[in-house]
Participant: 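One structure, pasted below without further comment.
Reminder, nothing fancy here: chain letters follow the sequence lines and each chain counts from 1.
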Protein chains: 2
Amino acid sequence: MAANTGGRRARLRQATLAEIHGAVRTLLVERGAAAVTINAVARQVGMSGPALYHYYASHDELVGAVTADFFRELAAAMEEARDAHADAPAGSRILAACRAMRAWAIAHPAEFGWVFASPISPLNRQSDSPRHQAGQRFEQVLLDLTVELWQTRPFPVPDLADLPASLREQLTAYSASIEGRLPPGAAHVFLTCWTRLYGLLCMEVLHQLDFAYTDVEPVFEECLSGIADVLALDRADRPTA
Amino acid sequence: MAANTGGRRARLRQATLAEIHGAVRTLLVERGAAAVTINAVARQVGMSGPALYHYYASHDELVGAVTADFFRELAAAMEEARDAHADAPAGSRILAACRAMRAWAIAHPAEFGWVFASPISPLNRQSDSPRHQAGQRFEQVLLDLTVELWQTRPFPVPDLADLPASLREQLTAYSASIEGRLPPGAAHVFLTCWTRLYGLLCMEVLHQLDFAYTDVEPVFEECLSGIADVLALDRADRPTA
DNA sequence: TAAGTTTTCTAGAGCCATTAAGGAAGCATA
DNA sequence: TATGCTTCCTTAATGGCTCTAGAAAACTTA
């Protein structure tokens, strides 16, 4: 199946894969998730339905592969924002990365919905799936930045003794899972910020805020401002949008 | 189509509708959303697929009708929590209703996922759809409680002049849409709390927190505690879980 | 009992995912 | 150059799905 990575055959295969991914995305954006069927994708790239099974073993796998693309694209957008001012303090780069995340979501609502606001099939939840891998790289971006902030300018953390035992244990486990790069208390702050950000974007994309807001942007900025408070960022570290 | 509401036919029809709703729910809970097909539901109630079209015009409409059930059930659970201690201050009843919301979500994850964490079809977004109606009743619960709190023990609100113009306009519009029961500043506080609560539950249900938490309960309690702070609730108004 | 209404059925069109079996073309080796 | 392996693609077929159409059955009412 997997040919030598350099040959002509391999290059053709890569081109076909790219075309397939493009067709999936086009269908998703223009006609919705339900329109992304194996048959429709195959038609779009000019082959018969079953031929697609030479590239992906199932519909789920195809969806997972393209979703991984989206994760990588989103991560790249955030990394670009992060690195645009490499000399700026970590705090302002965190906010820049968050804004980049929302900007990508606004520019690509269909893709964002697929990435975040849709149930993940069991296949794609396996830790060796491309989707899971790409998701981890994405999570890494904000985590890395938070670690950097923690090391250069530690933010206030709650007293572990004040937290319920169950939460303390979970935070300790999570801290260990990121090789202790953040101690449990700092991990708690990180996760709190992450939850607020992610929750708000999820709701926006799922149209759960439509009943009150037509433009979520100022709400998002207020959320960022809350995050900046929690992370004790200087006023100087808070570029205004 | 619609018979006299009292007759024997009408009663039979109601019974069949109830049986259909029950079958949908069973399939959803036991075999997932993808298993809820017109054919499977019909098989479950012992009729042929097309017969179901005498009750609902489409798969979407059926899903919307059952989702409306779930909204009503959730709203009822919250109302029950709210009314369990009718003499308690509004603040503690708000927290009780929030806990009831999460309790229902935990007890009925599949249903909750359908209600909140799934894209809404255009049909069910129409304001005359049962789903939309039931959703409004649900939203009412926390809104009513917040209005009561605002009237009995007003919480601090931000200075409108400090908010961006766009947000101010949207809040004014929202305040008008609820007949001014909350002024724009109070509406802002309400929506902020609502967003946090909803966002966290959404993420929990969508398994977006699995990478860090195995048990979200203490995280939820912390979120509630934050809400209690924003609403300036007394310590006495904060029953511990 | 006769007419009308409501419910249900079968048949079928047109999708879908997926599997099976086989043909054509590229490519390496004898 | 001839042979055989690999890759890519095809058609055919299975069994599911939504939804439509038209006929039959059941029940209500006059």
Participant: How many Å lie between NE2 on A:His59 and C1' on C:dC15, as a whole number?
Facilitator: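 About 13 Å, once rounded to whole Å.
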Participant: What integer distance in Å separates A:Arg31:CZ from C:dC15:C1'?
Facilitator: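 Rounding to the nearest Å, CZ of A:Arg31 and C1' of C:dC15 are 12 Å apart.
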Participant: Under the 3.5 angstrom rule, does the side chain of B:Gln133 hit a backbone N or O of B:Ser127 as a donor-acceptor pair?
Facilitator: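 It does hold such a pair.
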Participant: Would you say B:Asn39 places a side-chain N or O within less than 4.0 Å of OP1 or OP2 belonging to D:dG16?
Facilitator: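 No, no such contact exists.
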Participant: Please report, rounded to the nearest Å, how far the C1' atom of C:dT6 is from the CG atom of B:Leu12.
Facilitator: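 Answer to the nearest Å: 11 Å.
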Participant: What is the separation between atom OH on B:Tyr56 and atom P on C:dT8, rounded to the nearest whole Å?
Facilitator: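 About 13 Å, once rounded to whole Å.
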Participant: Ignoring hydrogens and angles, does a donor from either the side chain of A:His54 or the base of D:dC8 sit under 3.5 Å from an acceptor on the other?
Facilitator: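 No.
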Participant: Find out whether A:Arg131 and A:Arg125 are in side-chain contact, i.e. whether some heavy atom of one side chain is under 4.5 Å from a heavy atom of the other.
Facilitator: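 No - every pair of side-chain heavy atoms lies 4.5 Å or more apart.
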Participant: Return the value, rounded to whole Å, for the distance between atom CD of A:Gln14 and atom P of D:dC8.
Facilitator: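 The answer, rounded to whole Å, is 11 Å.
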Participant: A:Tyr53 side chain: which of D:dA21, C:dT18, C:dC16 is closest?
Facilitator: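 The answer is C:dT18.
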Participant: Could you check how far CG of B:Asp60 sits from C1' of D:dC17, rounded to whole Å?
Facilitator: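 Value for this atom pair: 14 Å.
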Participant: Using the side-chain heavy atoms of A:Tyr55, tell me which of these nucleotides is nearest: D:dT18, D:dC8, C:dA11.
Facilitator: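 Looking only at side-chain atoms, A:Tyr55 lies closest to D:dC8.
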Participant: Hey, does the side chain of A:Arg13 come within less than 4.0 Å of D:dT7's phosphate (OP1/OP2), counting only N and O?
Facilitator: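 Answer is no, no contact under 4.0 Å.
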Participant: Base, sugar-phosphate or nothing for A:Ala51? Non-hydrogen atoms, less than 4.0 Å.
Facilitator: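 Base contact - A:Ala51 has a heavy atom under 4.0 Å of at least one base atom.
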Participant: Of the nucleotides C:dA11, C:dA20, D:dC17, which has the atom closest to the A:Pro50 side chain?
Facilitator: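 Shortest atom-to-atom distance from the side chain points to C:dA20.
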Participant: I'd like to check B:His132 versus B:Gln136 (side-chain heavy atoms, cut-off strictly below 4.5 Å). Are they in contact?
Facilitator: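 Contact flag for B:His132/B:Gln136 side chains = yes.
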Participant: Go nucleotide by nucleotide along DNA chain C from the 5' end; which of A:Arg43 and A:Ala57 gets its closest nucleotide reached first?
Facilitator: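 The answer here is A:Arg43.
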Participant: Does the pair B:Arg93/B:Glu148 count as a salt bridge with the N-to-O cut at 4.0 Å?
Facilitator: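 Yes, B:Arg93 and B:Glu148 are salt-bridged.
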Participant: Just compare D:dT10, D:dC17, C:dT7 and give me whichever is closest to any side-chain atom of A:Met47.
Facilitator: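 Output: D:dT10.
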Participant: Quick one: which of D:dT11, C:dC9, C:dA17 gets closest to the side chain of A:Ser48?
Facilitator: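 Of the candidates, D:dT11 comes closest.
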Participant: Between atom CG in A:Leu52 and atom C1' in C:dT18, what is the gap in whole Å?
Facilitator: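 After rounding, the gap between these two atoms is 12 Å.
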Participant: Ring centres of B:Phe70 and B:Phe116 under 6.0 Å apart?
Facilitator: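 No.
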Participant: Compare the minimum distances between each of D:dC19, D:dA12, C:dT7 and the side chain of B:Ser58, then state the nucleotide with the smallest one.
Facilitator: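 Nearest nucleotide to the side chain: D:dC19.
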